[in-house]
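These notes concern the structure reproduced below.
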2 protein chains.
Amino acid sequence: METFSNIFIEVRMGVGIKDVAKAAGVSPATVSRALGKGPVSEELRAQVEAAVRATGYRPNLAARRLRSQDSGTIGLVVADIRNPFFTAVSRAVEDSAYRAGMRVILCNTGEDPEREALYLRHMQSERITGLIFAPTRSTLDQLSKKALDFPVVFIDRCGPGGLHDAVVLDNREAMGELVAHLVERGYRRIGGLFGNSSSTGAQRRDGYLEAMARFGLKPEFRLVAPSAEAAQAEAQAWLAADERPEALVVSNSLLLIGVLRAARARGLAIPGDLALAGFDNESWTELVEPGITVIEQPVEEIGRAAMNLLFERLKTPGLPVRKVVLSGRCVLRGSTATRTP
Amino acid sequence: METFSNIFIEVRMGVGIKDVAKAAGVSPATVSRALGKGPVSEELRAQVEAAVRATGYRPNLAARRLRSQDSGTIGLVVADIRNPFFTAVSRAVEDSAYRAGMRVILCNTGEDPEREALYLRHMQSERITGLIFAPTRSTLDQLSKKALDFPVVFIDRCGPGGLHDAVVLDNREAMGELVAHLVERGYRRIGGLFGNSSSTGAQRRDGYLEAMARFGLKPEFRLVAPSAEAAQAEAQAWLAADERPEALVVSNSLLLIGVLRAARARGLAIPGDLALAGFDNESWTELVEPGITVIEQPVEEIGRAAMNLLFERLKTPGLPVRKVVLSGRCVLRGSTATRTP
DNA sequence: CTGAAAGCGCTTACAG
DNA sequence: CTGAAAGCGCTTACAG
């Protein structure tokens with residue numbers, strides 16, 4: 001039995017709970033109780049702790065999970081962790097989970113329903129305690145009517161009603177604010193560019209249509225695949241038209257990058273030739289000249305709220321389905337300065 | 001035994017390998033073999049597959065890991081997943097792992113040695129197959145002389161020699177390129193701003209000093225905590241001095257944001273009053289006016305290479321320690337345009 | 001509060 | 001190729 005040691009870890013290969021028990025002069029059951037929250041006398045607890053240190057024992061989580069029938073694991077399934085929105089949310093989810101002594105397993109679906117199905121099966125094999133999930137529209141529809149064998153909290157995306165809890169932005173309200181702001185600044189021909197694959201894009205489009213109707217303006221919108229390239233191509237064509245919009249609202253930051261590139265490629269001044277507003281307060285939207293007006297999402301709060309919903313449901317399974325709708329914060333910048341005809 | 005079903009998942013609570021065996025008319029051992037790569041006749045394999053479908057069986061991974069003594073898990077420990085460099089690397093690591101049928105567990109240390117120690121212990125409890133790790137300097141030093149009970153591949157950061165494999169950028173070369181480029185464009189008073197907590201910052205500083213010496217120029221550098229705020233404060237003071245640098249090279253993108261803000265706060269034109277170059281080709285460095293010259297790191301390649309080193313070492317433990325040093329790509333933009341005195 | 005014993009759901013020698 | 005049996009390392013009734 002070879003021994004390694006360092007500041008961090010005293011390792012003896014193959015130390016099990018029996019070895020600790022022997023070293024502490026107690027039974028394995030007592031070691032288990034001392035490590036958990038079982039009732040153990042202070043005296044024995046101290047002996048066990050000393051033995052743990054002496055042996056360098058690390059509990060085997062696979063064994064613990066199997067025996068206790070509790071994986072202590074939260075599944076987190078998102079489109080792409082490289083999307084800064086999901087990056088930030090996942091960080092909040094992980095912090096919250098680690099504080100509760102749980103771990104997180106993360107999967108990237110790439111907005112592909114087949115991979116969503118694959119990862120959902122994987123989550124089953126992991127026997128996860130609960131799932132936090134940003135699904136595509138098609139999977140969202142399926143799951144709205146079906147229960148899984150663990151609680152699910154949707155984030156970022158949700159339908160009306162449904163069987164599962166959800167935490168989402170108030171997309172209609174947020175888009176309404178953006179449109180109202182542009183109108184107030186003197187813009188009338190306001191176009192909308194929306195992603196075509198998530199419910200979020202759809203809700204933001206609805207908010208756009210609603211707001212335009214409220215102001216008696218004629219809406220004009222386009223749907224594109226959720227990539228900067230698709231948005232750039234669409235915007236370049238659109239902005240070449242005779243009757244191009246005075247302003248554009250865009251449903252996410254990836255599309256916003258595409259639109260910005262298109263505007264620059266066309267030599268359009270912002271906001272002189274084209275005002276611009278979008279979602280997600282990423283660092284580049286502030287650093288660019290002029291800064292881009294955006295709706296900032298409460299990303300930490302979304303992650304935390306999702307975990308809270310999950311914990312509450314685990315504690316009280318009978319709770320009614322809850323939907324937490326959070327408001328965005330409108331960050332005004334130069335890209336929507338008052339119109340100068 | 002309640003039954004749920006949907007397109008994705010046919011769930012019967014508590015279906016185990018015995019239930020599948022019964023349904024297929026074979027022994028549990030045969031089910032196990034049919035699901036793995038054990039020798040099973042085509043006939044029985046088909047029966048098992050049908051029974052799996054009929055019962056909605058999902059193997060319990062905790063049991064499998066415990067019994068097979070193989071967690072099939074890669075640990076990934078980084079400073080902060082919100083750093084786009086780590087985001088991209090982690091995505092590459094996960095893709096590579098999932099392709100190999102392994103999963104990844106991710107931890108964020110926040111550059112805190114105590115949390116690094118905590119997570120390293122956690123990795124032990126998970127009985128991970130191997131670790132990919134971007135450590136702080138102090139932990140790097142500790143681990144360089146110590147073996148853990150799983151193979152470790154350092155990414156982004158490494159010391160000289162050491163016991164573990166590593167994948168890093170050629171930081172000296174990259175910084176040398178940046179300095180040479182600035183010199184060629186007519187800059188002489190070139191300052192350096194470096195992070196003070198990682199070996200990467202130190203190596204880039206060394207590359208800077210080396211290059212400045214090569215050109216016979218007087219170096220002037222400062223070290224700061226790895227945050228945009230710290231960099232901004234330091235840069236504001238620095239740029240207020242009478243003898244401020246004509247150009248600044250900056251060791252990471254967080255610091256670069258701070259410097260950019262400081263330059264703007266001081267009303268300095270880029271590159272007229274201050275040329276700027278840094279690391280990591282993030283979208284904002286291109287979108288800003290003028291674009292910022294940066295070293296682009298081969299992030300996907302770093303993640304892939306780290307996984308490959310890990311797999312090779314698992315297959316052949318006796319391999320000598322290897323260090324993969326990858327070259328960055330210098331992306332030239334307006335922030336380092338030819339000097340106009 | 002403590003210990004002996006059973007068992008979580010698998011995989012894998014072992015024997016045939 | 002197949003099955004019966006043992007056992008991975010824990011936790012948890014059960015009994016005291």
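First the proteins, then the strands, lettered A, B, ... as listed; each starts at 1. These numbers come from a predicted model, not from an experiment. Side-chain atoms are counted along with the backbone in the values below, which use heavy atoms only and exclude waters and symmetry mates.
A salt bridge is defined here as a Lys NZ or Arg NE, NH1 or NH2 lying under 4.0 Å from an Asp or Glu carboxylate O, and B:Arg91 with B:Asp95 meets this definition. Between B:Glu301 and B:Arg304 there is a salt bridge, since at least one side-chain N of the basic residue sits less than 4.0 Å from a carboxylate O of the acidic one.
Here A:Leu44 lies in heavy-atom contact (under 4.0 Å) with sugar-phosphate atoms only.
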The contact string for nucleotides 5-11 of chain C, one letter per nucleotide 5' to 3', using protein heavy atoms under 4.0 Å with B, S and - for base, sugar-phosphate only and none, comes out as -BBBBBB
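Phosphate contact (OP1/OP2 of D:dC1, side-chain N/O of B:Ser41, threshold under 4.0 Å): absent. Not one side-chain nitrogen or oxygen of A:Ser27 sits closer than 4.0 Å to the OP1 or OP2 atom of C:dA4.
By the 30° and 60° cut-offs, the orientation of the rings of B:Tyr119 relative to A:Tyr98 is perpendicular. Using bins of under 30°, 30° to 60° and over 60° for the plane-to-plane angle, the ring pair B:His164/B:Phe154 lands in the perpendicular bin.
At most 12 non-hydrogen atoms from other residues, nucleotides or ligands lie less than 6.0 angstrom from NZ of A:Lys22.
Using atom C1' as the reference point in both D:dG16 and D:dT12, the two lie 16 Å apart (nearest Å).
In DNA chain D, the stems built from three or more successive Watson-Crick or G-U pairs (distances below 3.5 Å) are C:1-3 with D:14-16, C:5-12 with D:5-12, C:14-16 with D:1-3.
The nearest whole Å value for the distance from the NZ atom in A:Lys37 to the P atom in C:dC1 is 15 Å.
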Carefully, step by step, assess B:Thr139 and B:Glu116 under the rule side chain to side chain donor-acceptor pair (under 3.5 Å).
CA-CA 8 Å; B:Thr139 299; B:Glu116 290 181 321; 2.4 Å; yes
Before you tell me yes or no, could you show the steps for A:Arg65 and A:Asp70 under salt bridge (charged side-chain N to carboxylate O under 4.0 Å, His left out), namely the whole-Å CA-CA distance, both residues' side-chain angles and the distance that decides it to 0.1 Å?
CA-CA 5 Å; A:Arg65 287 177 186 129; A:Asp70 177 5; over 6 Å; no
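With 3.5 Å as the limit, one finds a donor-acceptor pair spanning the side chains of B:Thr73 and B:Arg103.
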